[in-house]
Amino acid sequence: VFPPRCVFCGRRGCSENVCPACEAQLLPVPPEQLRRLGDPRWLAHILAVWQYDGVARRALLALKYYKSRWRAAELSRQLAAHTAGLPAPDLIIPVPDHPSAAKKRPYSVPALFAERLSRQTGAPVAVDILCKHYSTPPQHKLSRQRRKGNPVGAYRVVKPEALRGKTVWLVDDIVTT
């Protein structure tokens, strides 16, 4: 009914869901940057499609804070397109918001992405295994050094037995540190 619109700038009438002007501005994340973020003791892979900058940053912020939920489908499709070669998940777990933040937003961006990845892979989404049991300062307001330690201890695995022997995709909307 409506003409397609660019997921990044919202411009209507583009032939795909990304207009040529925005596509030219998207910067892929260098693999070496992602390798530096991982902890090889428990983390096998980190996947980020675009650098968190420019039009990609604005699209994620619009999705997260300005209720432009329509962007989730295309951003999830782009994420799913980059999962080839990853081990198939047994479970997909969205990184949970603190309950007080969840009350402020009508939806969780990681949960939207997890639901769409679940449809693609057939793996169930598990929202009752991980919880955020205390609130932390927003990551975007902290220095790089403080961001590294900010979430430490804030999340708790509620059902560890549900994770034993499983390949889990932990889904969040932004990866920085």
Side-chain angles (χ1 to χ4, degrees), residues 1-29 37 46-83 89 91-121 123-144 146-147 150-151 154-156 158 168-177:
V1 176
F2 297 104
R5 65 164 117 168
C6 176
V7 69
F8 295 103
C9 68
R11 207 172 299 137
R12 291 193 185 276
C14 54
S15 61
E16 296 295 322
N17 292 328
V18 181
C19 72
C22 288
E23 188 168 26
Q25 296 177 52
L26 293 169
L27 301 170
V29 179
L37 297 175
I46 296 177
L47 172 65
V49 179
W50 309 115
Q51 288 184 31
Y52 184 61
D53 194 21
V55 295
R57 181 177 184 273
R58 285 192 297 274
L60 283 168
L61 291 174
L63 173 58
K64 190 168 189 167
Y65 296 110
Y66 300 106
K67 300 178 184 167
S68 54
R69 188 178 183 150
W70 62 270
R71 296 174 195 266
E74 176 60 21
L75 293 173
S76 298
R77 189 196 64 73
Q78 291 181 21
L79 177 61
H82 285 77
T83 62
L91 289 172
I92 299 175
I93 301 176
V95 172
D97 289 325
H98 186 269
S100 64
K103 290 177 187 174
K104 295 177 191 173
R105 292 193 196 117
Y107 53 84
S108 160
V109 174
L112 290 175
F113 289 170
E115 289 166 12
R116 285 168 172 80
L117 287 170
S118 172
R119 286 185 218 145
Q120 179 213 350
T121 63
V125 174
V127 295
D128 59 345
I129 292 176
L130 183 67
C131 74
K132 188 168 187 182
H133 64 98
Y134 68 82
S135 192
T136 56
Q139 291 284 83
H140 70 275
K141 293 184 177 183
L142 303 175
S143 68
R144 179 175 175 79
R146 292 226 23 237
R147 283 195 312 262
N150 185 42
Y155 297 92
R156 180 174 292 147
V158 180
V168 176
W169 285 5
L170 185 64
V171 179
D172 207 351
D173 51 335
I174 300 168
V175 176
T176 55
T177 51

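All values below were derived from every heavy atom in this structure, side-chain atoms included, with hydrogens, water molecules and symmetry-related copies excluded.
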For the residue pair Val55 and Gln25, what are the closest heavy atoms and their distance? CG1-OE1, 3.4 Å

Looking only at non-hydrogen atoms, find the nearest pair between Ala72 and Phe113 and report the distance. O-CE2, 4.0 Å

Counterpart residues, side chain to side chain contact (heavy atoms under 4.5 Å, CB included), relative to Gln51 (two or more places apart): Leu27, Val29, Pro30

Side chain to side chain contact (heavy atoms under 4.5 Å, CB included) partners for Asp53, two or more places apart: none

Could you check if a side-chain atom of Ile174 sits within less than 4.5 angstrom of a side-chain atom of Arg57, using non-hydrogen atoms only? no

Salt bridge (Lys or Arg N to Asp or Glu O under 4.0 Å): pairs with one or both residues in residues 61-72, sequence neighbours excluded: Lys64-Asp173

So how far is it from Arg12 CZ to Cys19 SG, rounded to the nearest 0.5 Å? 13.5 Å

Applying side chain to side chain contact (heavy atoms under 4.5 Å, CB included), can you list everything that pairs with Pro151, at least two apart in sequence or on another chain? Gln139, Tyr155

Tell me whether Gln120 at atom CD has more than 12 heavy atoms from other residues, nucleotides or ligands lying less than 6.0 Å away. yes

List the atom of Trp70, the atom of Val7, and the distance in Å for their closest heavy-atom pair. CZ3-CA, 3.8 Å

What distance separates Ser108 OG from Asp97 CG, expressed to the nearest 0.5 Å? 5.0 Å

So, for Ser68 and Leu63, which heavy atoms are closest and what is the spacing to 0.1 Å? OG-N, 3.3 Å

Could you pull out all residues at least two apart from Glu74 that satisfy side-chain hydrogen bond (donor to acceptor under 3.5 Å, both in side chains)? Asn17, Arg77, Gln78

Applying side-chain contact (heavy atoms from CB on, under 4.5 Å) to Leu60 and Phe8, what does each step give before you reach the verdict? CA-CA 8 Å; Leu60 283 168; Phe8 295 103; over 6 Å; no

Excluding sequence neighbours, so at least two apart, what forms side-chain hydrogen bond (donor to acceptor under 3.5 Å, both in side chains) with Arg116? none

With sequence neighbours excluded, residues passing side chain to side chain contact (heavy atoms under 4.5 Å, CB included) with Ala126: Leu91, Ile93, Asp128, Ile129

Kindly indicate whether the side chain of Pro89, heavy atoms from C-beta on, has any atom under 4.5 Å from the side chain of Val168. no

Please determine which of Val109, Leu47, Leu117 meets the side-chain contact (heavy atoms from CB on, under 4.5 Å) test together with Val171. Leu117

Let me confirm one number: the CH2-SG distance from Trp50 to Cys22, rounded to the nearest 0.5 Å. 11.0 Å

Does the side-chain contact (heavy atoms from CB on, under 4.5 Å) test come out yes or no for Leu61 and Tyr52, once each step is laid out? CA-CA 10 Å; Leu61 291 174; Tyr52 184 61; 3.3 Å; yes

Grab the two heavy atoms, one from Ile92 and one from Ala114, that are nearest each other, plus how far apart they are. CG2-CB, 3.7 Å

Any donor-acceptor pair under 3.5 Å linking the side chain of Arg147 with the backbone of Leu142? yes

Arg146: partners by salt bridge (charged side-chain N to carboxylate O under 4.0 Å, His left out), with sequence neighbours left out: none

Sequence neighbours excluded, which residues qualify as side-chain hydrogen bond (donor to acceptor under 3.5 Å, both in side chains) partners of Thr136? Lys132

Could you check whether atom OH of Tyr66 has more than 12 heavy atoms from other residues, nucleotides or ligands sitting under 6.0 Å from it? no

Tell me whether Arg11 at atom CZ has more than 12 heavy atoms from other residues, nucleotides or ligands lying less than 6.0 Å away. no

